[in-house]
Amino acid sequence: MNGEGVHSAPTTTDSNINNQQSQPLHQITQALQIVYDPHSSNEDRKNASVFLESAKNDKEAPFHGFKLALDRSLEAVVRHFGLLLLENSIRYCWQDYSLSESTTVRTWILTLAENVDGTDPSYLKNKIAQLWVEVAKRSWANEWLDMDELLVRLWENAARVPNPAQRDLVLFILETLVDDVFNREDSVAGLRNTPLSKACFDIFTPISVFTTFYPQRPSSSVSRCGEEGWLVRLVRLLDGALDAGVKDNAEVQACCIKILTVLKACMGWSIPKAVAAAKVVEAVGRSLMVENTTVQMIATECLHTLFSKPFFDDDDFQSLVCPMYYPQTVELLRTIFNWIHVDSNDIDEERYLFLKKFSEMIANLGSFVEEKARSLPSEIDLPGFLNLTFLISRHNSMAISIPALNLWTKLLRSDELSQSEAAQPFTAQLLELATARLIRFEAMEDENSNECVVFLNEDLDTIPERHAFLGNYRRFCSNIVECITRRRPFEAFTFIMSNVDSTLSGLYTTEPQFSFEHYKKNSKSYLNVDAQFSVVEAALKGYTKWVEAQSSEHVQSTREELERNLESWCEQILNKTFDDPLIKRRVIQLMVTFSTTALDKKPGLMLKILEHILLTRPAEYPANIAYTDAMKEVMNICTTEIQRLAMKMPDHLMEVYEQLENKINEITTTNSVDDRTRIAFHTFLFTINHRTKNIDTHTQQVRLEGYIGPVKQAWVETSLTESLQTFEGFCKLLGLDGVQYYLTSRRVHEIPDFSKHHLDSEGQKLQSELTEKFKSLPIRATKAFIAVSTEKLKRPSNPYNVSCDLWHDAIPMILPNLLKFMA
C-alpha cells in the first residue's frame, strides 16, 4: 500500500514510480468507460468487468481508490468506483492491516471528506460518509480517539466558508453511525457495541449533564470537542433553519429534514436529561408548525421515538413530556391534526402517512397520562388533550383511529382517570363511537359507500389481514363499552338500551322492507342490529365485573332495580317479530347471554327464552338460497344456545323437565328436524340430567343410560363389525360403492368445476342415500354425548364421577370398531 504518494509531491527520482502508479489508474478508467459505453461489445464489457473485479483484490486497491476519488477531473462514476475500492478494502482487509496502514486509509477518508463540496453528486458524498462510518466502527474509541474533533472541524468549516455539502456530510455520518450502533443489527458495530455506544453518549451529551447528574461517571476514552455536544449543535442549527423560513426555501427545508433525521436516530437512546438540556422537544415542536408535510412527518417520528422510551423518572417526565400537555401545545396539536385533511376519494399518501404517525405519537403521549396520573401538574390542559385523542379516535380511517382507541381503553381502566372530570364528558360520545365502529365492515356489500371501508382497503390488501385488524379494532371498541359500564352501569345501560330500541324501531327506514324474494345476508339493517347487540354484550361483561366488586346493601337494591329493568327489556325484545333469520339468530344469542350472565337468577326469564328458542321456526322459502342458508344458521344456533342454558341452569330446567321432554319429543318426531338437530335436543336433555343436583341417583342413572344405551349398542352391531372387516364392506357401509360408477359414467374429470354442476336425478338420489347411510352411523351421537359429558368438568365433583361411571363400560364397547374406522 503506497500511502506516501498521498502526502508528498513526486520528485525527479520518483518519476518512474509515479508512471507505474498512474498506469493502473488509467487502466481502471478505461475499463469503466468500456463498461458504461453503450457501444461496447459484450466481449469487451465482460473483459473490462473481470479486470475491475480483479482490481478490488489488488494490494494497492485502496490507494488507487483514493487517487481516483480525489481527482475531480474524472467522471463521477470513476470517482465512485474509487470509493468502492476503498470500501472493499475496509470491509474485507481491515483486520490484516498494520496500525500504520489502517491510519493511512483513515487519513485518506478524512482527506476526501475535507474536499467535499456542493458540486459533488449526492451519491459520492453519501459514500464518503459511509466510508467514514465503516472506519469508525472498526477503530473509533480504540486507536482513533479524535474523531469528534475532526467532525466539529468539518462542521465549523462548513459554516465559515460556507460549505453546506460538508455540513450535510457530517449529518449523514452522525445519522449512519448512530443507526449502526443503536438502531440496526450491524455485525461490525455489534462486536464493539460497548465502546462505541459509550463514545456516542460522550460526544452527543452536553458536558453539563454529566457533571451535574453523573459526577461519578468514569472519564471517557475518546476526546470530545467542546462542552456542548452534538445534540446542542443540532438543535441550534435546526432553530436557525426554522428562523430562516422553510415554506418557500427548498435548501432550508432539506436542511431541516436532515437535522430531524439525525435527531430521530438519537431519541431512542439519548439520556433524557441531555434531551431536556439541549431543548430538543422545543425545537422539534417548532418543526411541527411548519407547513410542510415532510418536515412535520419526520418531526412527529422524532417525538414518537422519544415518547416510546420505556421509562422516564418524574423529573424527566416533568421536563420533557408535561410541556406537551400545556394548553398552547394541545391547541397547536389540535390545529395540526385538523389542518391535515385526507379525502377518502383521493388519498394523499404523504398526508395519510403523517396522520397515522401523528396518531401513534399522541397515543404514546396519552399513555403517560395513565402511567403518571399522580405526577401531572395542575396547569396542564387534560380535557383539551382528551378531546384531541377523541377527535383522532373518531377519524374515518381506522388505521389512524386505532392507536387513540387503544389509549381510551387504558384511560378508562384507570380508577383515577375514568372518574375524573376531564374524562366524564366523553362517556356518551365514546359509546356512540364504539357502536358505530362495532359494525362488521368486512361484511358490507357496497364498500365504496363507507369511508371507513375505503380507507381500510387502502391500508390492507388481503382478507386475512383485514379480518385480523378489524378483530383487534372491535376488541378495543368492546373494551371501551365494558369499562364505561363497569364504572357507570345505570347510566350506560340506559343510554345503550335507548339506542337499541331506536335502531329496532327504525329498522327499515333507510332501506326497503324485508322480502323473501330479495333477501340478502348481511343487509344493512342486520349489520346495524348486530353492532347494537355487540354493544349490549360488551356492557354485560362490564356489568358482571361491577357486580363482583360491589357488596353494600344500597348497591344491592339499586342492582335489583336495574336487573328488573333489564328483564323487562328482554321480554319486550322476545315479543318483537323479526323476519330476517340472522336478526332472529342475534336475538337468541343476546337473550341467552343475558340469562347466563346478568340475569342468571331469573329462572322465569330463562324459561321464556327457552320457549322462544324451541318455538323459533323461520318460514321456509327454498327459492332464495341465501335465505335458506340463513334459516339453517338460526336452527343451528338454537341448539347451541339451549345447550348453554342447560350447562348454566340445569337445576331450574329440571323443575320443568317433563314438559321439556314432551315438547322436544313432539318437535323431533316431525319430518322437518334433521339428524343433527335431533341429536342436539337429546344432548340438551342429557345435560340437564347430568349436571343437575335436583335428582336422585337411580333416576339420573336410568335416564342417562337411556340416552347412551342405543349409542353403545349401535357400536357392537354385528352388521357394523362385519362391514368394517374389509375395505369393500366399509365402502358399502357408507354407500361409497355406487359413487365411483356414477362419477365415471358422468365423465366428471372433464367438468371444470364440479361444485357448480347441477346433479341429475340419479345423482340426487345417490346423494340422499349417502346422507341416510351416514345418519345410521353412531359417530355423531357418540361425539355429542361424550362432549357434553366432559365439558367444563371439575375434579372432584359429582358430574365428574357420574361421567366416569357412565362411560367406564361404554368405551371398551365403542373403541374396537371406532379404531377400525380410523385405520
Go through the side-chain N and O atoms of His518 and Ser515 and say whether any donor and acceptor fall under 3.5 Å apart. yes

Just by distance, no angles: are the side chains of Tyr526 and Arg585 close enough, under 3.5 Å, to form a donor-acceptor pair? yes

Could you go through Phe514 and Tyr508, starting from their C-alpha distance and side-chain angles, then the distance that decides it, and tell me whether this counts as ring pair (Phe, Tyr, Trp, His ring centres under 6.0 Å)? CA-CA 8 Å; Phe514 175 87; Tyr508 298 104; 7.2 Å; no

Would you say the ring centers of Tyr352 and Phe455 fall short of 6.0 Å from each other? yes

Begin with the C-alpha distance, continue with both residues' side-chain angles, and end with the deciding distance and a verdict on ring pair (Phe, Tyr, Trp, His ring centres under 6.0 Å) for Trp408 and Phe476. CA-CA 9 Å; Trp408 273 110; Phe476 293 144; over 10 Å; no

If we ignore angles and hydrogens, is there a donor and acceptor under 3.5 Å between the side chains of Tyr707 and Thr683? no

Just wondering, are more than 12 heavy atoms of other shown residues or ligands nearer than 6.0 Å to NZ in Lys541? no

Verdict with supporting geometry, Cys483 and Thr409, side-chain contact (heavy atoms from CB on, under 4.5 Å): CA-CA 7 Å; Cys483 291; Thr409 65; 5.5 Å; no

Under 3.5 Å side-chain donor-acceptor pair for Arg488 and Gln424: yes

Do you see a donor-acceptor pair shorter than 3.5 Å between the side chains of Asp651 and Thr692? yes

Nearest 0.5 Å please: distance from the NZ atom of Lys520 over to the CG atom of Asn522. 11.5 Å

Can you confirm whether the side chains of Glu620 and Thr628 place a donor and an acceptor under 3.5 Å from each other? no

Centroid separation under 6.0 Å, is that true for the rings of Phe516 and Tyr627? yes

Could you give me the CA-CA distance, side-chain angles and deciding distance for Glu611 and Lys663, then say whether side-chain contact (heavy atoms from CB on, under 4.5 Å) is met? CA-CA 10 Å; Glu611 181 183 15; Lys663 184 62 179 177; over 6 Å; no

Salt bridge check: are Glu633 and Lys584 linked by an N-O gap of less than 4.0 Å? no

Can you spot which of Ile664, Thr639, Ile679 makes a side chain to side chain contact (heavy atoms under 4.5 Å, CB included) with Phe684? Ile664

Report the residue from Asn665, Leu614, Leu660 that forms a side chain to side chain contact (heavy atoms under 4.5 Å, CB included) with Phe681. Leu614

State whether a side-chain donor-acceptor pair under 3.5 Å links Thr687 with Gln643. yes

